[in-house]
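Step one of this worksheet: look at the structure below.
Numbering starts at 1 and runs along the sequence shown. All ligand and atom numbering here is 1-based and tracks the order in the structure. Computed over heavy atoms, backbone and side chain alike; hydrogens, waters and symmetry mates excluded.
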Amino acid sequence: MHIDRLERYWMIIVIIILASFFAALVAGAVVFGVRLPAPIEKINPRALLDSPEYGTPGKREVVAEDGSVTYEWIIHAQKWNFVTGSEERNADGKDILRVKQGDEVTFIVTSRDITHGFMIEHHNVNFEVVPGEIARITTTFNRPGEYAVLCHEYCGIQHQGMWALIVVEPASATSAQN
Ligand code: CUA
């Protein structure tokens, strides 16, 4: 079969591009640990508040068998706030979530009403919050600072005001306080 020279070049270029996309995908998954957030469980959003497991937003400590401590943070998204169980608010009335540098936190997020978004600035956390689904994603806070949690899914008139703030306290400062 005769293949024109130019056509052959294009075929080679296309194969190289596809191969590099595939290599990037494999590198992302294997080397950089990129994981898609997966819905682990279904829940009836109307019965969410009665759920013994997920009904009460808040942070809890999880101690592994080897004594290492991580955290789980249950968060409800609803028009137009993230309900986090935190008692602390900033000047805009938004929840402040405090963690320490080095903390590994698994966010368990679901919606009480409609679809929202959940994204943490400068961290590998970014997903849709779909009513009826419990999403779970784990991240580690290595750099002290303040990071916004944003709803990036248009959810109505106050969408742009739907955010919260994560404050990562430096490890040394917190150990001095405690
Ligand atoms: Cu919630 Cu936009």
Side-chain angles (χ1 to χ4, degrees), residues 21 24-25 28-29 32-62 69-171 174:
F21 283 173
L25 193 74
F32 300 105
V34 175
R35 293 284 176 278
L36 293 176
I40 48 157
E41 224 173 289
K42 303 279 181 192
I43 193 159
N44 176 356
R46 290 199 183 87
L48 174 63
L49 297 181
D50 302 324
S51 158
E53 254 189 301
Y54 302 118
T56 312
K59 180 190 184 186
R60 70 183 185 100
E61 209 175 85
V62 182
V69 175
T70 57
Y71 297 91
E72 282 186 347
W73 206 316
I74 295 177
I75 294 175
H76 293 175
Q78 71 169 8
K79 291 186 281 181
W80 287 278
N81 271 308
F82 291 108
V83 185
T84 68
S86 167
E87 306 272 283
E88 217 183 328
R89 309 272 180 278
N90 71 2
D92 294 306
K94 302 298 168 186
D95 285 26
I96 295 176
L97 295 78
R98 277 189 197 278
V99 299
K100 287 179 209 139
Q101 184 179 9
D103 279 359
E104 183 187 302
V105 182
T106 298
F107 292 95
I108 301 168
V109 190
T110 189
S111 171
R112 288 183 185 173
D113 42 36
I114 59 172
T115 300
H116 296 278
F118 189 93
M119 183 202 137
I120 303 177
E121 226 184 353
H122 303 308
H123 290 80
N124 188 19
V125 174
N126 183 339
F127 55 88
E128 254 186 345
V129 184
V130 181
E133 287 184 1
I134 309 273
R136 222 177 232 268
I137 196 161
T138 302
T139 196
T140 304
F141 294 95
N142 289 320
R143 285 154 296 152
E146 298 190 349
Y147 305 99
V149 181
L150 303 168
C151 175
H152 57 64
E153 195 74 36
Y154 183 73
C155 56
I157 190 117
Q158 285 297 322
H159 159 71
Q160 80 283 354
M162 183 165 174
W163 57 283
L165 194 66
I166 293 178
V167 177
V168 183
E169 294 168 340
T174 39

Exercise for review: Apply the side-chain contact (heavy atoms from CB on, under 4.5 Å) test between F141 and each candidate in H123, E169, E104; give the one that qualifies.
Suggested key: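 For F141, the side-chain contact (heavy atoms from CB on, under 4.5 Å) test succeeds with only one of H123, E169, E104, which is H123.
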Practice item. May I have the angle between C155 SG and E153 O with its vertex at atom 2 (Cu) of ligand 1, rounded to 10°? Key: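 Taking atom 2 (Cu) of ligand 1 as the apex, I get 110° for this pair.
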Point to revise | Neighbour count above 12 (heavy atom, 6.0 Å) for R89 CZ | key: yes
Practice item. Kindly confirm whether atom 1 (Cu) of ligand 1 is within less than 2.8 Å of some N/O/S atom in Y154? Key: no
Review point. Hey, what's the angle at atom 1 (Cu) of ligand 1 spanning ND1 (H116) and SG (C151), nearest 10 degrees?
Key: 120°
Practice item. Flag the pair E41 and R136 as a salt bridge only when some basic side-chain nitrogen lies within less than 4.0 angstrom of an acidic carboxylate oxygen. Key: no
Practice item. Would you mind checking if K59 and E72 are paired as a salt bridge, meaning a charged N to carboxylate O distance below 4.0 Å? Key: no
Exercise for review: Identify, by name, the N, O or S atom of H159 lying closest to atom 2 (Cu) of ligand 1.
Suggested key: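 Checking each N, O and S atom of H159, the shortest distance to atom 2 (Cu) of ligand 1 belongs to ND1.
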